[in-house]
Amino acid sequence: EVQLQASGGGSVQPGGSLTLSCTISGATFGDLAIGWFRQAPGKEREGVFCFSGEGSSTYAGDSVRGRFAVASDSAKNTVYLQMNNLEPEDTAEYYCAADSRPIWKYCSVMAYYSEMNHWGKGTQVTVSS
């Protein structure tokens with residue numbers, strides 16, 4: 001069974017940086033599309049980044065493009081979400097998720113689709129003065 005755990009959240013000031021980790025068990029991330037999503041109170045779940053095919057396909061949501069990036073460590077079977085120049089609007093619960101279905105072969109699907117088969121528990125990111 002694929003299991004994921006997001007960690008690394010916390011409170012930072014605007015303009016700061018934070019790196020979240022998604023540790024995967026039950027499969028290697030190379031066999032999966034890994035998605036990072038966030039949801040703030042009163043808002044819909046938003047796809048922020050996708051990492052698929054061992055990085056052969058990636059996608060960043062419009063709201064984070066140029067500020068967020070993904071890295072990976074195969075030895076730790078972990079995918080990281082590197083968040084830079086954080087803004088108060090980035091405050092949300094962040095989740096990592098995974099899917100092996102063909103629809104997720106190309107990460108551009110995140111632009112219009114946000115359903116994945118495996119979800120980890122979220123980690124809270126708060127950006128405030």
Side-chain angles (χ1 to χ4, degrees):
E1 179 182 357
V2 176
Q3 294 180 309
L4 308 99
Q5 178 62 58
S7 61
S11 181
V12 297
Q13 294 183 331
S17 298
L18 199 64
T19 298
L20 306 182
S21 300
C22 178
T23 300
I24 304 152
S25 62
T28 59
F29 66 76
D31 297 325
L32 303 164
I34 305 298
W36 285 96
F37 299 85
R38 67 186 184 187
Q39 188 165 27
K43 296 184 178 180
E44 295 182 346
R45 187 172 65 202
E46 176 187 13
V48 299
F49 224 105
C50 176
F51 180 92
S52 182
E54 300 182 354
S56 64
S57 181
T58 62
Y59 174 85
D62 291 344
S63 63
V64 305
R65 194 169 297 146
R67 299 189 297 120
F68 291 11
V70 162
S72 63
D73 186 335
S74 60
K76 297 181 179 180
N77 207 34
T78 298
V79 176
Y80 304 94
L81 180 65
Q82 300 170 322
M83 305 184 295
N84 302 305
N85 194 24
L86 285 161
E87 304 169 352
E89 292 75 17
D90 296 316
T91 296
E93 188 85 0
Y94 283 72
Y95 301 85
C96 64
D99 205 307
S100 62
R101 292 178 294 164
I103 191 173
W104 281 104
K105 181 178 180 180
Y106 302 105
C107 274
S108 58
V109 70
M110 182 171 273
Y112 61 89
Y113 188 68
S114 61
E115 301 298 324
M116 282 190 158
N117 284 338
H118 308 284
W119 290 84
K121 294 182 179 179
T123 185
Q124 178 68 35
V125 173
T126 302
V127 185
S128 63
S129 300

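From a predicted model like this one, the values you see are computed outputs, not experimental measurements. This chain uses plain numbering: 1 for the first residue, then up along the sequence.
- Under the 4.5 Å side-chain contact rule for hydrophobic residues, Tyr112 and Val48 do not share a cluster.
- The side-chain heavy atoms of Ser129 and Pro14, taken from C-beta on, include a pair separated by under 4.5 Å.
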Please determine whether side-chain contact (heavy atoms from CB on, under 4.5 Å) holds for the pair Arg65 and Tyr59, giving the CA-CA distance in whole Å, both sets of side-chain angles, and the decisive distance to 0.1 Å. CA-CA 9 Å; Arg65 194 169 297 146; Tyr59 174 85; 3.7 Å; yes

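- Proximity of a side-chain donor or acceptor of Ser114 to a complementary backbone N or O of Gly47 within less than 3.5 Å is not detected.
- Looking only at distances, a side-chain donor or acceptor of Asn77 sits under 3.5 Å from a matching main-chain atom of Phe29.
- Placement of Tyr106 and Tyr113 in two distinct hydrophobic clusters is found when ILVMFWY residues are connected by side-chain heavy-atom separations under 4.5 Å, directly or transitively.
- By the criterion of side-chain heavy atoms lying less than 4.5 angstrom apart, applied directly or through intervening Ile, Leu, Val, Met, Phe, Trp or Tyr residues, Phe37 is not grouped with Phe68; the two fall into different hydrophobic clusters.
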Run the side-chain hydrogen bond (donor to acceptor under 3.5 Å, both in side chains) test on Asn84 and Ser17 for me, step by step, so that the C-alpha distance in whole Å, both residues' side-chain angles and the decisive distance to 0.1 Å come before the verdict. CA-CA 4 Å; Asn84 302 305; Ser17 298; 3.1 Å; yes

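- Separation of atoms OH (Tyr80) and SG (Cys96) is listed at 12.0 Å; rounding is to 0.5 Å.
- Taken together through direct or relayed side-chain contacts under 4.5 Å among Ile, Leu, Val, Met, Phe, Trp and Tyr, Trp36 and Ile24 form part of one hydrophobic cluster.
- We find the CD-OG1 distance between Glu93 and Thr126 to be 9.0 Å, quoted to the nearest 0.5 Å.
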Dump the intermediate steps for side-chain contact (heavy atoms from CB on, under 4.5 Å) on Leu81 and Val70, then the final yes or no. CA-CA 5 Å; Leu81 180 65; Val70 162; 4.1 Å; yes

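- In terms of heavy atoms, Met110 sits closest to Gly35 at CE-CA, 3.9 Å.
- Within the 4.5 Å cutoff, side-chain heavy atoms of Glu46 are placed close to those of Ser63.
- Considering only heavy atoms from C-beta on, Met83 stays 4.5 Å or farther from Val64 through its side chain.
- Closest approach of Ala69 to Phe49, counting heavy atoms only: CA-CE1, 3.7 Å.
- In this structure, the side chains of His118 and Gln3 stay at 4.5 Å or more apart for every pair of heavy atoms.
- With Thr58 contributing its side chain and Gly55 its backbone, the two residues share no donor-acceptor pair below 3.5 Å.
- Residue Tyr94 is grouped with residue Val12 when hydrophobic side chains (ILVMFWY) are merged at heavy-atom distances under 4.5 angstrom, including chains of intermediate members.
- Shortest non-hydrogen contact noted between Cys22 and Ile34 is SG-CG2, 4.5 Å.
- Residues Ala27 and Val2 come closest through the heavy atom pair CB-CG2, 3.9 Å.
- Side-chain contact between Trp119 and Leu4 is absent, with no heavy atoms from C-beta onward closer than 4.5 Å.
- Within the 4.5 Å cutoff, no side-chain heavy atoms of Arg45 are placed close to those of Tyr95.
- Trp104 places a side-chain N or O within donor-acceptor distance of the main-chain N or O of Glu115, the cut-off being under 3.5 Å.
- Under the 4.5 Å side-chain criterion, counting only non-hydrogen atoms from C-beta, Thr91 is not in contact with Arg38.
- Across all their heavy atoms, Asp90 and Arg67 have their closest contact at OD2-NH1, 2.7 Å.
- Environment of CD in Glu54: sparse, with no more than 12 heavy atoms of neighbouring residues, nucleotides or ligands closer than 6.0 Å.
- Side-chain contact between Thr23 and Ser25: absent, with no pair of heavy atoms (C-beta onward) separated by less than 4.5 Å.
- In this structure, Ser100 and Leu32 approach most closely via the heavy-atom pair CB-CD2, 4.1 Å.
- With Asp99 contributing its side chain and Ala33 its backbone, the two residues share no donor-acceptor pair below 3.5 Å.
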